[in-house]
Amino acid sequence: MAAIGRLSQKLLKSVTLTQTRQLSAAVAAHGEQAAKTWKILSFVVALPGVAVCMLNMYLRAQQHQHEQPEFVPYSHLRIRSKRFPWGDGTKSLFHNPHVNALPDGYEHHE
């Protein structure tokens with residue numbers, strides 16, 4: 001009787017081990033297939049979607065006329081307690097004359 005019990009335990013372990021290996025192989029195959037699917041989706045859907053959005057914003061920017069808002073000399077903005085150490089001392093390091101005003105108003109460019 002003990003021999004039959006040991007034999008049945010060995011058979012049960014071998015069947016369980018075989019099923020575990022088959023399941024692991026199936027999970028690995030599924031993971032590879034899922035990675036391949038997402039890679040294809042990234043190139044076929046995501047990248048063209050980003051390109052279409054970029055084209056849309058570029059075309060909108062070309063149609064829109066950018067006008068400078070009227071300058072209002074608020075006392076709490078553009079305070080210069082000392083001159084900047086570069087250039088003429090009134091412009092910030094990342095000064096954009098089309099967007100950033102100086103303390104006395106916008107720069108006029110032709």
Side-chain angles (χ1 to χ4, degrees):
M1 281 304 239
I4 293 175
R6 286 190 297 255
L7 181 64
S8 65
Q9 286 180 351
K10 285 184 181 181
L11 283 173
L12 184 61
K13 285 182 181 178
S14 67
V15 168
T16 306
L17 186 59
T18 304
Q19 287 176 347
T20 304
R21 287 181 183 159
Q22 288 174 348
L23 182 61
S24 295
V27 168
H30 174 70
E32 290 173 8
Q33 182 62 34
K36 185 177 179 182
T37 301
W38 281 106
K39 185 176 181 180
I40 290 171
L41 284 174
S42 295
F43 286 114
V44 174
V45 176
L47 291 178
V50 169
V52 167
C53 290
M54 288 175 58
L55 178 65
N56 181 34
M57 292 311 300
Y58 175 76
L59 293 175
R60 281 188 178 193
Q62 295 301 317
Q63 293 174 355
H64 182 66
Q65 291 291 345
H66 297 282
E67 297 177 10
Q68 284 185 337
E70 181 181 340
F71 179 74
V72 180
Y74 292 114
S75 61
H76 64 282
L77 296 178
R78 294 172 288 278
I79 298 173
R80 306 284 197 264
S81 58
K82 68 178 193 176
R83 299 176 68 76
F84 290 117
W86 51 82
D88 61 359
T90 60
K91 298 175 184 169
S92 66
L93 185 59
F94 301 105
H95 181 75
N96 182 349
H98 301 289
V99 179
N100 304 119
L102 296 173
D104 54 350
Y106 290 104
E107 299 176 57
H108 297 288
H109 292 281
E110 289 81 36

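All residue numbers refer to positions in the sequence shown, counting from 1.
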Please tell me whether [X] and [Y] are part of a single hydrophobic cluster in this structure, the criterion being side-chain heavy atoms less than 4.5 Å apart.
X	Y	result
Leu77	Val72	yes
Met57	Leu59	no
Tyr58	Met54	no
Val45	Leu47	no
Phe84	Phe94	yes

Verify the neighbour count for atom CD of Gln62: are there more than 12 heavy atoms of other residues, nucleotides or ligands below 6.0 Å?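 Yes, enclosed.
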
Give a yes or no answer on whether the side chain of Asn56 reaches the backbone of Val52 with a donor-acceptor pair at less than 3.5 Å.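 Flag not set: sc Asn56 to bb Val52 has no pair under 3.5 Å.
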
Any pair with a residue in residues 76-89 that passes side chain to side chain donor-acceptor pair (under 3.5 Å), sequence neighbours left out, goes on the list, sorted by first then second residue, please.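 Applying side chain to side chain donor-acceptor pair (under 3.5 Å) to every pair that reaches into residues 76-89, excluding sequence neighbours, yields Asp88-Thr90.
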
Minimum heavy-atom distance between Pro69 and Tyr106, given as atom pair plus value: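 For Pro69 versus Tyr106, the nearest heavy atoms are O-CE1, 3.2 Å.
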
Which atom pair, heavy atoms only, marks the closest approach of Asn100 to His95?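 For Asn100 versus His95, the nearest heavy atoms are O-CE1, 3.4 Å.
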
